[in-house]
Amino acid sequence: MTLQAVPDERGGARLVRPMQFTDLETVAAIERRTFTLPWSPAVFTGQLARETGIELVCEVGRRIAGYVVADMFVDVWHLMNIAVDEPYRRRHIAAELLEAYFAITELRGHRGHTLEVRVSNTPGTELYRSFGFIATGVRPGYYSDDREDALIMWKDWEGESA
Ligand SMILES: CC(C)(COP(=O)(O)OP(=O)(O)OC[C@H]1O[C@@H](n2cnc3c(N)ncnc32)[C@H](O)[C@@H]1OP(=O)(O)O)[C@@H](O)C(=O)NCCC(=O)NCCS
């Protein structure tokens with residue numbers, strides 16, 4: 001990954017870089033503000049310790065504005081978590097994180113990308129659609145807090161069935 005800061009539209013520098021253990025306090029705080037079922041800091045720590053994973057943050061003016069976490073299971077990339085802190089949304093930060101993610105996964109090889117997203121999550125599903133993900137099915141009652149269904153989405157699947 002090229003680490004190159006670019007000017008942010010509202011000033012400061014914008015940089016996508018690998019997540020570090022020292023980022024986890026800030027990342028976990030954004031996670032708690034964002035999700036009704038937030039990952040615990042221990043889950044982030046465990047994920048960062050895995051060698052197969054991709055964990056990136058986007059800094060704007062040296063503040064962490066968002067992050068993405070993904071991992072390869074068998075030969076498929078699973079986009080496991082992406083969030084942008086509320087004040088930074090609609091500034092293409094998630095898009096920039098996903099572009100960096102796709103650049104890395106293209107180098108490593110795979111048979112596709114998959115994810116789950118709440119059926120009610122329009123920002124999430126529209127973000128994924130804009131990157132070519134297609135909804136292929138539903139996992140009924142997937143989310144343990146309110147039993148909302150998850151939409152299963154795939155991109156570039158090269159196997160027999162999804
Ligand atoms: C989903 C989320 C990560 C998007 O982050 P973001 O930085 O605001 O998104 P971007 O500005 O990069 O948007 C890229 C594209 O996604 C789509 N999109 C993003 N937010 C949208 C919204 N609120 N409504 C409709 N489409 C949206 C658009 O196609 C957008 O492109 P455009 O701005 O050129 O129209 C952010 O809203 C968020 O953190 N939500 C809470 C956590 C979450 O739902 N994560 C995903 C499911 S796990």
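Indexing begins at 1, ligand by ligand and atom by atom, following the structure's order.
Of the polar atoms of A95, at least one N or O is found under 3.5 Å from an N or O of ligand 1, judged by distance alone. Of the polar atoms of R90, at least one N or O is found under 3.5 Å from an N or O of ligand 1, judged by distance alone.
The protein non-hydrogen atom at the shortest distance from atom 18 (N) of ligand 1 is P123 O, 3.9 Å. Closest to atom 16 (O) of ligand 1 among all protein heavy atoms lies L127 CA, 3.2 Å. In terms of protein heavy-atom proximity, atom 45 (N) of ligand 1 is nearest to I82 O, 2.9 Å. When hydrogens are left out, the protein atom nearest atom 37 (O) of ligand 1 is R89 CD, 3.4 Å; that is the closest non-hydrogen contact. In this structure, atom 26 (N) of ligand 1 lies nearest to the protein heavy atom E126 CB, 3.3 Å. Scanning the protein for heavy atoms near atom 39 (O) of ligand 1, the closest one is V84 N, 2.8 Å. Closest to atom 3 (C) of ligand 1 among all protein heavy atoms lies A94 CB, 3.9 Å. Protein heavy atom nearest atom 11 (O) of ligand 1, with residue, atom name and distance: H92 N, 2.8 Å.
At least one heavy atom of F35 sits closer than 4.0 Å to an atom of ligand 1.
Side-chain atoms of D149 come within 3.5 Å of backbone atoms of G141 as a donor-acceptor pair (strictly under, hydrogens ignored). Looking at E148, its side chain does come within 3.5 Å of a backbone N or O of S120 through a donor-acceptor pair. Side chain of R89 to main chain of A83: no donor-acceptor pair is present (N/O by atom type, distance under 3.5 Å, no hydrogens or angles).
Heavy atoms of E96 found under 4.0 angstrom from ligand 1: none, in either backbone or side chain. In N121, the part holding a heavy atom less than 4.0 Å from any atom of ligand 1 is the side chain. When heavy-atom distances to ligand 1 are checked against a 4.0 Å cut-off, Y128 comes that close only through its side chain, counted from C-beta outward.
When G124, A65, S120, A83 are ranked by how near their heavy atoms come to atom 1 (C) of ligand 1, first place goes to G124.
Shown here for M153 and T114, the closest heavy-atom pair between the two residues is O-OG1, 2.9 Å.
Under 4.0 Å is where a charged nitrogen must lie from a carboxylate oxygen, and between R33 and D85 at least one such pair does. In this structure, E59 does not pair ionically with R14, as no charged nitrogen and carboxylate oxygen lie closer than 4.0 Å. In summary, R17 and D23 engage in a salt bridge, as defined by a charged side-chain N under 4.0 Å from a carboxylate O.
Those atoms of ligand 1 that come under 4.0 Å of a heavy atom in T34, given as number and element, are 41 (C), 42 (C). Of all atoms in ligand 1, listed by their number and element, those nearer than 4.0 Å to a heavy atom of R91 are 11 (O).
Using a 30° and 60° split on the angle between ring planes, F133 and F102 fall in the tilted class, from 30° to 60°.
The shortest distance between side-chain heavy atoms of T36 and R118 falls below 4.5 Å.
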*Run the ring pair (Phe, Tyr, Trp, His ring centres under 6.0 Å) check on F44 and Y67 step by step: do they pass?*
CA-CA 11 Å; F44 281 103; Y67 50 87; 5.7 Å; yes

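A distance of 6.0 Å or more separates the ring centres of F131 and H113.
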